[in-house]
**Q** 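Below is a structure I'd like to ask you about.
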Amino acid sequence: MTTRLSDRITQVFIIAYKESTELLEQALKQEGLQCEVLRQEPKEEYKNYSPSYRCLLNHKRAWESAVQQDRLTLIVEADFVPVLGLGKLPLPFNPDDNTVGVAWLYACAPQVYSVSQEGYAQGYSASTVAYIVTPQGARCLIELAEEVKEKIGAANYSSWDSGVDSYLRARKLKNYIPFRNYGEHGGMPNIEHHRNGLSLTHRADVLYGKLAFTPLYVTGKSEGKLAFLQTRLQARLKGIARLATGRFLRLPVLKGSSVPLRLLRFAVGRQLSMRL
């Protein structure tokens, strides 16, 4: 039996700074998902913190609540744009497995490690735009936040979201990526990431369906729909290129798998979509 996402989510948190979240809130509520906006607290000490660390603190607030739940918590950032029908889409993992850490609903620079007989894919993502976290996963991520503060410092840039997978796997938790993305990263370029050698923008390589509303990166552009189609086409081509060059499914992973055909079916099948 397929488990619908909306049947298993206890709470949804929207991580925000000053962004408008009205459209996102409406879209989530229409999917049967009640949400709460967690806006960054206006504390004097935060003026000396890096944007990446302030973002981490906001996610930490959500994790602290997720630890108290006996079910699953969905966390999305304010620039996430879900697909229509999000609540009816299947969970990308077995909800009764108590070794799950996180499951990304939007995957940035994804990699696949293994695929179960049921089709659940363990893998990697470098973004926290939209993800499900279990209580045990949240507990470990709170520890990650403390480690970032101690080892890197609140004032310094940290790509902490890129280390979520390795941190949780080191603690014997499994992380999952979606067959296709449950939404798009609709935000504008991140200058802090770019200054530290990371990509200026990232978009979903392949989507499950039509987006619920127009992403921010299109808003205000005179080209309108054309700009959206160009952006989505570039994202689709980049995803196909990552597959073709062995960055989504790495050759050593494929060779070391006991079910290589299952991995190939998942990796190739997710890109067999005509939708931009």
Side-chain angles (χ1 to χ4, degrees), residues 2-3 5 7-13 15 52 55-76 90-152 158-179 181-182 247-260 262-263 266-267 270:
T2 299
T3 303
L5 188 145
D7 293 336
R8 288 285 185 154
I9 297 297
T10 301
Q11 57 188 353
V12 182
F13 290 118
I15 304 299
S52 63
C55 180
L56 172 58
L57 287 181
N58 231 8
H59 280 271
K60 184 184 176 185
R61 288 174 62 195
W63 300 336
E64 289 169 343
S65 179
V67 166
Q68 308 301 322
Q69 306 299 320
D70 57 2
R71 296 176 72 187
L72 305 171
T73 298
L74 171 59
I75 302 173
V76 300
L91 281 176
F93 61 95
N94 180 355
D96 298 318
D97 184 352
N98 61 7
T99 64
V100 178
V102 301
W104 291 278
L105 299 189
Y106 165 84
C108 172
Q111 293 181 38
V112 62
Y113 301 150
S114 65
V115 179
S116 71
Q117 188 174 359
E118 298 79 16
Y120 301 132
Q122 290 186 52
Y124 167 86
S125 171
S127 170
T128 52
V129 168
Y131 61 103
I132 295 171
V133 65
T134 63
Q136 59 269 21
R139 190 172 296 109
C140 290
L141 290 176
I142 292 171
E143 296 173 1
L144 170 62
E146 295 300 324
E147 188 172 299
V148 168
K149 182 179 181 180
E150 293 174 7
K151 294 185 177 181
I152 300 177
S158 167
S159 58
W160 60 269
D161 48 354
S162 300
V164 165
D165 176 58
S166 59
Y167 193 87
L168 293 179
R169 284 195 296 117
R171 285 149 184 81
K172 309 303 181 185
L173 293 179
K174 296 177 291 190
N175 308 309
Y176 289 82
I177 60 171
F179 178 61
N181 290 282
Y182 292 59
R247 287 177 288 170
F248 177 75
L249 173 56
R250 292 179 292 117
L251 187 58
V253 172
L254 183 63
K255 288 183 175 179
S257 174
S258 59
V259 286
R262 188 187 297 167
L263 273 172
F266 181 92
R270 71 189 298 271

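We're numbering straight along the sequence, starting at 1. As a basis for the values below, the full set of heavy atoms in this structure was taken, side chains included, without hydrogen atoms, waters or symmetry mates.
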**Q** Can you find a pair of side-chain heavy atoms, one from Leu74 and one from Leu105, that are under 4.5 Å apart?
**A**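 Answer yes - side chains close enough.
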
**Q** Please check this pair: side chain of Gln136 against backbone of Val100, looking for a donor-acceptor N/O pair closer than 3.5 Å.
**A**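 Present.
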
**Q** Roughly how far, to the nearest 0.5 Å, is CD1 of Ile152 from CH2 of Trp160?
**A**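 Reported value, rounded in 0.5 Å steps: 11.5 Å.
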
**Q** Is there side-chain contact between Val115 and Val259, with at least one heavy-atom pair below 4.5 Å?
**A**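 They are not in side-chain contact.
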
**Q** Rounded to the nearest 0.5 Å, what separation is found between the CH2 atom of Trp104 and the CG atom of Asp165?
**A**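 Rounded to the nearest 0.5 Å, the CH2-CG separation comes out at 4.5 Å.
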
**Q** So which heavy atom on Gly137 is nearest to which on Leu173, and how close?
**A**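 Of all heavy-atom pairs spanning Gly137 and Leu173, the closest is CA-CD1, 3.9 Å.
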
**Q** Do Ser125 and Tyr131 come close enough that some side-chain heavy atom pair is under 4.5 Å?
**A**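 Result no, sub-4.5 Å side-chain heavy-atom pair not found.
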
**Q** Identify the residue among Leu168, Thr128, Ile75, Ile132 that makes a side-chain contact (heavy atoms from CB on, under 4.5 Å) with Val102.
**A**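 Considering Leu168, Thr128, Ile75, Ile132, a side-chain contact (heavy atoms from CB on, under 4.5 Å) with Val102 is found only for Leu168.
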
**Q** With rounding to the nearest 0.5 angstrom, report the CD to CZ distance, Gln122 to Arg169.
**A**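 That separation rounds to 9.0 Å.
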
**Q** How far apart are the closest heavy atoms of Val148 and Ser158, and which atoms are they?
**A**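 In this case the closest contact between Val148 and Ser158 is CG1-OG, 3.8 Å.
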
**Q** Does a sphere of radius 6.0 Å around CD in Glu118 hold more than 12 heavy atoms from other residues, nucleotides or ligands, not counting ones at 6.0 Å or beyond?
**A**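 Yes, the 6.0 Å shell around CD holds more than 12 heavy atoms from other groups.
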
**Q** For a quick test of reading the model, state the closest non-hydrogen atom pair linking Leu263 to Ser114 and the distance between them.
**A**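 Distance-wise, the nearest heavy atoms are CD2-CA, 3.9 Å.
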
**Q** Taking the side chain as everything from C-beta on, heavy atoms only, tell me whether Arg270 gets closer than 4.5 Å to Phe248.
**A**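 Sidechains of Phe248 and Arg270: in contact.
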
**Q** Where do Val129 and Cys108 land on the side-chain contact (heavy atoms from CB on, under 4.5 Å) test, with the steps shown first?
**A** CA-CA 9 Å; Val129 168; Cys108 172; over 6 Å; no

**Q** Please work out whether the ring planes of Phe179 and Phe266 are parallel, tilted or perpendicular, with thresholds of 30° and 60°.
**A**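 Answer is perpendicular, since the angle exceeds 60°.
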
**Q** Drop me the distance from His59's NE2 to Leu56's CG, to the nearest 0.5 angstrom.
**A**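 Output value for this atom pair is 8.0 Å.
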
**Q** Using a 4.5 Å cut-off on heavy atoms from C-beta on, say whether the side chain of Lys172 contacts that of Thr99.
**A**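 No - every pair of side-chain heavy atoms lies 4.5 Å or more apart.
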
**Q** Kindly give the heavy-atom pair with the smallest separation between Gln117 and Arg262, and that separation in Å.
**A**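 Of all heavy-atom pairs spanning Gln117 and Arg262, the closest is N-NH1, 3.2 Å.
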
**Q** Can you give me the closest heavy-atom contact between Val112 and Ala121, atom names plus distance?
**A**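 Heavy atoms of Val112 and Ala121 come nearest at CG2-CB, 4.0 Å.
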
**Q** Considering non-hydrogen atoms only, spot the tightest contact between Gly123 and Ile177 and give its length.
**A**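 Closest approach of Gly123 to Ile177: C-CG2, 3.8 Å.
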
**Q** Can you tell me how far the NZ atom of Lys174 sits from the OH atom of Tyr113, to the nearest 0.5 Å?
**A**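 Going from the NZ atom of Lys174 to the OH atom of Tyr113 covers 14.5 Å.
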
**Q** Please table the atom pairs, donor to acceptor, closer than 3.5 Å between any side-chain atom in residues 65-72 and protein atoms at least two apart or in another chain.
**A**
residue, atom, partner, partner atom, Å
Ser65, OG, Gln11, OE1, 3.4
Ser65, OG, Gln11, NE2, 3.3
Arg71, NH2, Asp7, O, 2.3

**Q** Which residue in the set Asp97, Asn98, Leu91 passes side-chain contact (heavy atoms from CB on, under 4.5 Å) when paired with Asn94?
**A**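 The side-chain contact (heavy atoms from CB on, under 4.5 Å) with Asn94 is passed solely by Asp97 among Asp97, Asn98, Leu91.
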
**Q** Between CG of Asp161 and OH of Tyr167, what distance do you get to the nearest 0.5 Å?
**A**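 Answer rounded to 0.5 Å: 15.0 Å.
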
**Q** Is there a side-chain contact between Val133 and Leu141 (heavy atoms, below 4.5 Å)?
**A**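 Counting from C-beta outward, Val133 and Leu141 do come under 4.5 Å.
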
